[in-house]
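Comments concern the structure below.
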Amino acid sequence: MNADPPAFLKSQEEQAMPQAMMRTATVEVVHVTIACGRPFEAVRDALVKDVPALDPQLRKLLTSANTAEIEKRRATGPKLWLFETRDHGALVAAEGHAKKAIQFEIGNPLTAERMTRHRLAAGLYAPLRIVLYENEQGRAVFEYDLPSSLFRQFGNDEVAKTGRELDEELEQVLMAAAG
């Protein structure tokens with residue numbers, strides 16, 4: 001039987017550390033579906049054209065704390081960046097049912113920093129996830145959770161405000177790609 005060591009063998013930090021605790025909360029999320037007006041490939045290509053690949057220099061910029069350059073990039077750079085794509089359609093190919101479906105991670109590290117400085121947990125949703133797939137009728141469809149509804153749970157006005165800005169920025173780029 002493995003018993004905990006006696007208190008006198010534990011460090012002060014271990015003795016003062018409270019036990020782990022878990023809290024759960026129900027969060028209301030607004031889900032958005034956009035039925036696109038053009039084929040899957042055209043929508044995908046338009047989105048990738050309009051949302052540039054993440055600039056690796058942004059990370060260095062943030063970690064160097066060059067506030068003047070950060071503000072300049074916020075004002076002049078793209079509102080959204082493409083962090084990563086995942087081919088979810090290929091995942092079902094093992095069953096012989098390959099589909100057209102891509103998950104996009106889209107956001108902006110400079111925007112994420114504006115939220116996480118107030119609530120680090122907001123990083124859970126930065127970057128945002130969007131899925132584009134071709135439905136059974138052959139129509140391209142975007143689906144995502146409205147950023148403001150995700151960020152509202154953190155109870156911070158600045159985080160909520162940034163979430164509302166992301167609502168608009170994301171809608172604008174997705175609707176343009178949707179045709």
Can you confirm whether Glu28 is buried at CD, in the sense that more than 12 heavy atoms of other residues, nucleotides or ligands lie under 6.0 Å from that atom? no

Considering the options Arg129, Gln103, Glu105, which one meets the side-chain contact (heavy atoms from CB on, under 4.5 Å) requirement together with Glu84? Glu105

Gap between atom CG of Leu132 and atom CZ of Phe142 - 0.5 Å precision: 5.0 Å

Are Val32 and Val141 linked, directly or through intermediate hydrophobic residues, by side-chain heavy-atom contacts shorter than 4.5 Å (ILVMFWY only)? no

In one Ile/Leu/Val/Met/Phe/Trp/Tyr side-chain cluster, 4.5 Å: Leu124, Phe104: yes

Should we say atom CD of Glu168 is surrounded by more than 12 heavy atoms from elsewhere, each under 6.0 Å from it? no

Atom pair CG (Leu110) and CD (Glu69), whose distance is rounded to the nearest 0.5 Å: 10.0 Å

Work out which heavy atom in Gly123 is nearest to a heavy atom in Thr116; give both atom names and the distance. N-CG2, 3.6 Å

Connected via hydrophobic side-chain network under 4.5 Å: Phe83 and Leu61: yes

Pair Arg44 + Glu41: basic N to acidic O under 4.0 Å: no

Between Tyr133 and Ala101 the two heavy atoms that sit nearest each other are CB-CB, 3.8 Å

Residue pair Ile106 / Pro127: nearest heavy atoms and the distance that separates them: O-CB, 3.5 Å

Any donor-acceptor pair under 3.5 Å from Asn108 side chain to Lys79 backbone: yes

Under 3.5 Å: donor-acceptor pair, side chain of Arg73, backbone of Leu58: no

Linking I/L/V/M/F/W/Y whenever any side-chain heavy atoms sit under 4.5 Å apart, do Ile130 and Ile34 land together? yes

Closest non-hydrogen atoms of Gly163 and Met115, given as atom of the first, atom of the second and distance, are N-SD, 4.5 Å

Applying a strict under-4.5 Å side-chain criterion to I, L, V, M, F, W and Y, I'd like to know whether Tyr144 and Val29 cluster together. yes

State the CZ-CD distance between Arg119 and Glu158, to the nearest 0.5 angstrom. 11.5 Å

Could you state the interatomic distance from CG (Asp145) to CZ (Phe151), rounded to the nearest 0.5 Å? 11.0 Å

Shortest non-hydrogen contact from Leu82 toward Val51: N-CG1, 3.4 Å

Taking everything shown except Arg74 itself, do over 12 heavy atoms lie less than 6.0 Å from its CZ? yes

Please report the closest heavy-atom contact between Trp81 and Leu54, naming both atoms and the distance. CE3-CA, 3.6 Å

Return the orientation label for the Phe154 and Tyr125 ring planes: parallel under 30°, perpendicular over 60°, tilted otherwise. tilted

Rounded to the nearest 0.5 Å, what separates atom OG1 in Thr162 from atom CD in Glu169? 9.0 Å

Distance, nearest 0.5 Å, that separates CG of Leu146 from CG of Leu166: 9.5 Å

Donor-acceptor check, side chain of Asp167 to backbone of Ser148, threshold 3.5 angstrom: yes or no? yes

